[in-house]
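Below you'll find the structure, written out as structure tokens, and then a few comments.
Letters A, B, ... mirror the listed sequences (proteins, then strands); counts begin at 1.
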Protein chains: 2
Amino acid sequence: MNTSTRTEQVFLILTALVDRPRHGYGIVQEVARLSDGQMKLKVGTLYGALDRLTGEGLLAPDRDEIEGGRLRRYYRLTEQGAAALAEDAERLASHAALATRRLRERGIPLPGKLGTAGGAA
Amino acid sequence: MNTSTRTEQVFLILTALVDRPRHGYGIVQEVARLSDGQMKLKVGTLYGALDRLTGEGLLAPDRDEIEGGRLRRYYRLTEQGAAALAEDAERLASHAALATRRLRERGIPLPGKLGTAGGAA
DNA sequence: CCCAATAACTCGCTAGACGATATATCTTGT
DNA sequence: ACAAGATATATCGTCTAGCGAGTTATTGGG
């Protein structure tokens, strides 16, 4: 691989865990909330990613809880995970800004709220 | 898939074609330039993506040129492709901003130039 | 003369997202 | 009481797509 190139799914999983540890199902919900309902994480994707990211040291298993008879297995973002996310966020932001600038120069009809709300300063 | 979820490679291929049609090898070079040498597109990735994106209507074959005895096969971004890129750029920017904000709130040691140069206002 | 750069393309491998499925508990509606 | 849906975990087979490596060909420089 080039340098890292994590997927958008993984990016959002990491983002969901920035503020506090969450369990699998909680991550699915938080990712949906963060992405405004656009990214509906599949559990097949989730548990695979959770194992992989734990193996890479970006996540670590946190406590296990039993809440109302149901097991909750929590994961937290490690320092390494936070650093990786920060790096990805920086790269993504610069790529997005690049594309937007070039599209503006081309003068395409802007579909979203690209010119409406303040994305960047 | 969720909605679309293009890869970072595809995102950069589309971005490289915003200003003008380019041929395969030219796309590889432009993507490297745009990503500051970070993304070295593999030709196995490129030609697969070119076919796929053409099939999806995001790209279209442009003219074929013979420059100095070597064939150059050009592709251009369609209106649909520009719209798709604009959409992706918007989504990526918002995801990146989200992650950065949450990381700031957590107070992680910012590794890159996140606080140094003007990323966001 | 050979090697690197330019230029196209193919193929097998593998990583990773997805759909489906299984299991179990708790809640809500009828 | 019973069915259905939300909550919660996990596995498995499939399919897509990126990557490494290899093929062919031309031009230019050391």
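- Applying the ring pair (Phe, Tyr, Trp, His ring centres under 6.0 Å) rule to A:Phe11 yields no partners; only residues at least two apart in sequence or on another chain are considered.
- Regarding A:Leu46, its CG atom lies at a distance of 16 Å from the C1' atom of D:dC12, rounded to whole Å.
- The distance between atom CG of A:Asp62 and atom P of D:dT9, rounded to the nearest whole Å, is 13 Å.
- The nearest pair of heavy atoms linking B:Ala82 to A:Arg106 is CB-NH2, 4.3 Å.
- Between B:Gly69 and B:Thr7, the residue whose closest nucleotide on DNA chain D is further toward the 5' end is B:Thr7.
- Here the P atom of nucleotide D:dA17 and the CD atom of A:Gln9 are 12 Å apart, to the nearest Å.
- Between B:Thr15 and A:Arg102, the shortest heavy-atom distance links the atoms O-NE, 3.0 Å.
- Residue B:Gln29 places its side chain closer to C:dT6 than to any other of C:dT6, D:dT9, C:dC18.
- Atom NE2 of B:His23 is separated from atom P of C:dA5 by 16 Å (rounded to the nearest Å).
- Here the closest heavy-atom approach between residue A:Leu17 and residue A:Leu77 is recorded as O-CB, 3.7 Å.
- Counting to the nearest Å, the P atom of C:dT6 and the CD atom of B:Glu67 are 13 Å from each other.
- Following rounding to the nearest Å, A:Tyr25 (OH) and D:dT7 (P) show an atom-to-atom distance of 4 Å.
- Between the P atom of D:dA10 and the NZ atom of A:Lys42 lies a distance of 19 Å, rounded to the nearest Å.
- Put simply, CD on A:Glu8 is 14 Å from P on D:dG18, counting in whole angstrom units.
- Distance from the side chain of A:Arg52 is smallest to C:dG16 among C:dG16, D:dG18, C:dT6.
- Nearest heavy atoms, B:Pro21 versus B:Arg76: CG-CB, 3.8 Å.
- Among the protein residues, B:Arg70 comes within range of the nucleic acid bases, having at least one heavy atom under 4.0 Å from a base atom.
- Shown here is A:Asp36, whose CG atom has no more than 12 heavy atoms of other residues, nucleotides or ligands within 6.0 Å.
- Taking all atoms of both residues into account, the shortest heavy-atom contact from A:Arg22 to A:Ala16 is NE-O, 2.8 Å.
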Show the distances under 3.5 angstrom between N or O atoms of the protein and N or O atoms of nucleotides 10-12 of chain C.
none

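- Distances shown here put a side-chain N or O of B:Arg73 below 4.0 Å from the OP1 or OP2 atom of C:dC9.
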